[in-house]
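Report on the following structure.
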Amino acid sequence: MPYYRLKDFIRAIRKCKTAADERTVIQKESAALRTSFKEETTDSRYNNVAKLLYIHMLGYPAHWGQIECLKLVASSRFADKRLGYLGMMLLLDENQELLTLVTNSLKNDLNHSNMYIVGLALCTLGNIASNEMAQDLIDEVEKLMKSSNTYMKKKAALCAIRLVRKAPDLYENLLEPANLLITDKSHSVMLTGVTLIIELCQQNPENVPVFIRSIPILVKRLKALSAGGFSPDHDVAGITDPFLQVKIIRLLRFLGEENDDASEAMNDILAQVATNTDSAKNVGNSVLYETVTTIMGTESDQGLRVLAINILGRFLSNRDNNLRYVALDTLNKTVAIDINAVQRHRSTVVECLKDPDISIRRRALELSFTLINESNVRVMTRELLTFLEIADSEFKAGMTTKICAAADRYAPNKRWHIDTVLRVLKLAGNYCREETLSNFIRIVSNATELQTYTAQKLYASLKKDISKEALVLVGIWIIGEFGDLLVQGGNFEEEELVREVKESDVVTLMETILNSPYANQVIREYLMTALIKLTDRFKEREVQERIKNIIVTFSNSTETEVQQRANEYKNLYGYGEIRSAVLERMPAPEPKPNLHSPVLEKSKPKSSKKTARKQENSLLDLLGDESSTTTSQAPESDKTVDLLADIFGSSNLTSPQRTSPTGSNSLNSTSNNSTKSTYGNAGLLDLLGDISSPPVSSPASSMPFGNTSPTEHKPPVSTNTSQSSGKYLAYDKDGFKIIMIPNQDSQNPNVINIRIRFHNEAVGSNIENLAFQIAVPKSQRLQMQSISSTQVPINESATQLIRIANPQKTPIRLRLKISYTTSNGRNVEEISEFNGFPASLFNN
């Protein structure tokens, strides 16, 4: 028996005790509805469609009743139209052929005399409109946007947002009506008008200049909202219409981006909003956050940016976790713009490391590493080591790499550097990467005066704890290499250092490690090598025999590598005349030229430089390393371009418009992958004053530069033309622009800070997986901060800060590699060169 009323049907559903009972009731009622629809009884259609929509809301198929919704829409009763349009919005989408029958009904109702029926039609069109429907009904919507009726104007503006998304080429019809909406006195009309303008600017960047002339109107309205008195109709927790304020401020960000004049026009009102808005409640914080985002996204003056960062600092002190997370996330994006202002809130950021919320700890940790520089490296490292001791396992792997990279970059002296890495090994030795260990061994090998100190520290640490694999591996290597220095002792102030170590004590420690449950094949391989080296370092006969017996024991090991080493070392005993020469100390290892290694060299021994010169052969003189002239010669320029081309595996680069010899003979390069920030060359000669997060190897970032596609386009050469004062267009192709804004560092005249802006101006779709790589001549050193976002929507920008140390003040030449994918599936990879910065950058 079918249920006549919707209430009865709902009551029957709620009485069902199992899912099977519910399905039974739904099936019976669906069958009754089909029968009723076939009989075309007008009287019961309203109730039947209501029950059909309830069935749809429960998740059961109801598409078979779509045509009944159209019949209700054709009714003259308002209640029938309302339910019919609701059914169309729920049961139809833009891909169904039935929409062709809906267009005529919508057109009739858009011209209806009843404004509420017009509102129903606009609401439906704004939810299900397709490209074809947008083309057919845009004229009616445009007419309604110019209506004198406030209700219809705001409904039409909201509908127009959907239409311009489905048919972006219709924007010309909406420019004039949209400008009229923002002059309306009604808050709701202006709110929808501002929202429509934002959408128009996002869909087509060419629309931005059209609306820039409206900035005075927006500023005046925002000033009235901010400074106005109590308005009972629009007041929310003491803030006058915060929704409209947020929308206006967001639109100002679109209009002021990369426009100095527009930014200047809005500076005063942004400062007023930032100063006068009450931050006691979240309503005011929402307005303040949007204000901060606009200040940092436009060409605001320095004082205003400091004010914005101070607001984020206040957010960090708030008890609301959501607000603290937003502040940390925003600071991570804006730290590249003004790192000195962010430094003032360093202690608050460090306090966030103790927050119980893991997402806040993660953002605070990322920001903490970015804030490290020469002046605060001791304090920040101490805080990070304290956090490392209690950090979750998921943090430790990245933290060990970043702390060691920061120590390598900013260590005040070698002893502090060694102590810091040893502390990391003690706290999280099972999470350290191989490059961290190799870099530490290189540091110790080059620090002759600290080799005894390091060996004793490691010996004392291994006596206490052999559960940390990285600590054990480093300790075995150092003790095996400098065992003779260890037993000689030393005069050190630390109480934990061993005053006297016997040769037998060292061998006993090695045996303890071998017999421990923590020993694996890698540790046993290291131990075999360390023990054979100790036979040349130690002189006691008894100790020599103990070592030989241990090696012989492993000559039958089931592990092939361990067995091979043991047998080779056992046979080495029969060659006494050459054994000492074979087992002499390893020369100090040179760092590998790995662009993605988080810890890069700071200095090289003189011998390694000579070796590098011999290996590079005739390529060494291409950039005029020994030349003191500053004039450019054509043949030399051509050779320079060829060498630059080789760095990315491409030789088809055309000659740049301007090249100059640099005081270098090879090139260094730096890159950032899609999700991590990356170091440049670490040998910054102590010129750079801050640090970005170190890289983490990934398939995208570890690919050699030379592995470019054979179908790669010919890289465009920069036009090297200044777009405005202090701005330089470094790349412009297919609607994607890279703009560079250089300025000389205030603390070091040999360092240039370059703010890079990646702008999706006319690509036609969203940019995703943006990757950016840079190479500079070897006479210069490069440091890159993390990119603000690897996704750049239409008419939006991403930013990145790079710093170039140029002590020789040679011309800056940048080799760029840009790669990204678009949301429509297109892959782009381009190589370009830019050398358009004026020489006056270093002459101030």
Side-chain angles (χ1 to χ4, degrees), residues 85 89 94 103 106-107 109-131 133-208 210-222 224-225 233-234 241-255 290 794-795:
Y85 277 128
M89 286 186 282
E94 60 181 276
T103 303
L106 286 173
K107 189 166 188 176
D109 287 340
L110 287 174
N111 293 290
H112 203 279
S113 58
N114 187 327
M115 68 176 183
Y116 297 108
I117 292 179
V118 175
L120 289 176
L122 288 171
C123 183
T124 305
L125 181 61
N127 278 277
I128 65 173
S130 62
N131 184 283
M133 290 180 70
Q135 300 281 354
D136 294 338
L137 300 176
I138 185 63
D139 292 335
E140 281 73 16
V141 174
E142 180 186 356
K143 179 181 177 182
L144 291 171
M145 288 175 65
K146 298 178 181 179
S147 170
S148 59
N149 188 303
T150 299
Y151 176 83
M152 289 194 293
K153 279 197 290 189
K154 67 180 182 180
K155 288 280 187 180
L158 292 174
C159 179
I161 295 174
R162 166 81 177 202
L163 300 187
V164 77
R165 286 176 181 171
K166 293 300 173 184
D169 55 316
L170 298 177
Y171 72 91
E172 293 181 355
N173 301 65
L174 304 173
L175 294 179
E176 181 186 354
N179 261 324
L180 294 175
L181 292 177
I182 61 175
T183 61
D184 198 284
K185 295 181 180 180
S186 170
H187 284 225
S188 58
V189 172
M190 187 173 186
L191 179 63
T192 55
V194 171
T195 307
L196 174 59
I197 293 176
I198 292 175
E199 186 65 32
L200 289 170
C201 293
Q202 287 179 324
Q203 292 293 334
N204 193 339
E206 296 179 0
N207 294 332
V208 173
V210 176
F211 297 109
I212 285 181
R213 71 189 73 170
S214 302
I215 289 180
I217 299 174
L218 297 171
V219 169
K220 182 179 179 181
R221 194 60 177 270
L222 183 59
L225 292 171
D233 294 335
H234 306 101
D241 204 343
F243 303 100
L244 181 56
Q245 287 194 50
V246 166
K247 285 290 185 179
I248 292 176
I249 295 170
R250 186 174 301 170
L251 176 57
L252 290 177
R253 182 169 77 250
F254 282 96
L255 301 181
E290 198 65 43
I794 297 174
N795 197 37

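Here the side chains of Phe211 and Cys201 are in contact, with some heavy-atom distance below 4.5 Å. Contact of the Leu163 side chain with the Leu125 side chain is registered, since non-hydrogen atoms from C-beta on lie closer than 4.5 Å. Considering only heavy atoms from C-beta on, Val194 comes within 4.5 Å of Ile198 through its side chain.
A pairwise comparison of heavy atoms in Gln202 and Phe254 identifies NE2-CZ, 3.4 Å as the closest pair. Nearest heavy atom pair, residue Thr150 against residue Ser186, reads CG2-OG, 3.5 Å. Summarising the geometry of Ala156 relative to Val141, their closest heavy-atom pair is O-CG1, 3.6 Å, with the distance given to 0.1 Å. Between Ile182 and Gly193 the shortest heavy-atom distance is CG2-C, 4.1 Å. Here the shortest heavy-atom pairing between Lys154 and Ser188 reads CD-OG, 3.7 Å.
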For residues 164-179, please give each side-chain donor-acceptor pair under 3.5 Å, one per line with the distance, not counting sequence neighbours.
{"from": "Arg165", "atom 1": "NE", "to": "Glu199", "atom 2": "OE1", "distance (Å)": "3.2"}
{"from": "Arg165", "atom 1": "NE", "to": "Glu199", "atom 2": "OE2", "distance (Å)": "3.2"}
{"from": "Arg165", "atom 1": "NH2", "to": "Glu199", "atom 2": "OE1", "distance (Å)": "3.2"}
{"from": "Lys166", "atom 1": "NZ", "to": "Glu94", "atom 2": "OE1", "distance (Å)": "3.3"}
{"from": "Lys166", "atom 1": "NZ", "to": "Glu94", "atom 2": "OE2", "distance (Å)": "2.6"}
{"from": "Asp169", "atom 1": "OD2", "to": "Gln135", "atom 2": "NE2", "distance (Å)": "3.4"}
{"from": "Asn179", "atom 1": "OD1", "to": "Ser214", "atom 2": "OG", "distance (Å)": "2.9"}

Under 3.5 Å, which donor-acceptor pairs link side chains of residues 243-253 to any protein atom two or more places apart or in another chain?
{"from": "Gln245", "atom 1": "NE2", "to": "Thr240", "atom 2": "O", "distance (Å)": "2.8"}
{"from": "Arg250", "atom 1": "NE", "to": "Glu290", "atom 2": "OE2", "distance (Å)": "3.3"}
{"from": "Arg250", "atom 1": "NH2", "to": "Glu290", "atom 2": "OE1", "distance (Å)": "3.2"}
{"from": "Arg253", "atom 1": "NH1", "to": "Glu290", "atom 2": "OE2", "distance (Å)": "2.7"}

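Shown here are the side chain to side chain contact (heavy atoms under 4.5 Å, CB included) partners of Lys220, two or more places apart in sequence or in another chain: there are none.
Judged by distance alone, the side chain of Asp109 and the main-chain N or O of Ala121 form no donor-acceptor pair under 3.5 Å. Checked by atom type and distance alone, the side chain of Asn127 pairs as donor or acceptor with a backbone atom of Cys123 at under 3.5 Å. In this structure, the side chain of Asp184 does not engage the main chain of Leu180 through any donor-acceptor pair within 3.5 Å.
Note: Leu181 CG to Met190 CE = 10.0 Å, rounded to the nearest 0.5 Å. Between atom SG of residue Cys159 and atom CG of residue Leu110 there is a gap of 7.0 Å, rounded to the nearest 0.5 Å. Taking CG of Leu122 as the start and CD of Glu140 as the end, the distance is 10.5 Å to the nearest 0.5 Å. One finds the CE atom of Met152 at 12.0 Å from the NE2 atom of His112 (value rounded to the nearest 0.5 Å). Here OG1 of Thr192 is found 12.5 Å from NE2 of His187. Values are rounded to the nearest 0.5 Å.
Within 6.0 Å of NZ on Lys146 lie more than 12 heavy atoms contributed by other residues, nucleotides or ligands.
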Pair Leu218, Leu255 - check side-chain contact (heavy atoms from CB on, under 4.5 Å), show working. CA-CA 11 Å; Leu218 297 171; Leu255 301 181; 3.9 Å; yes

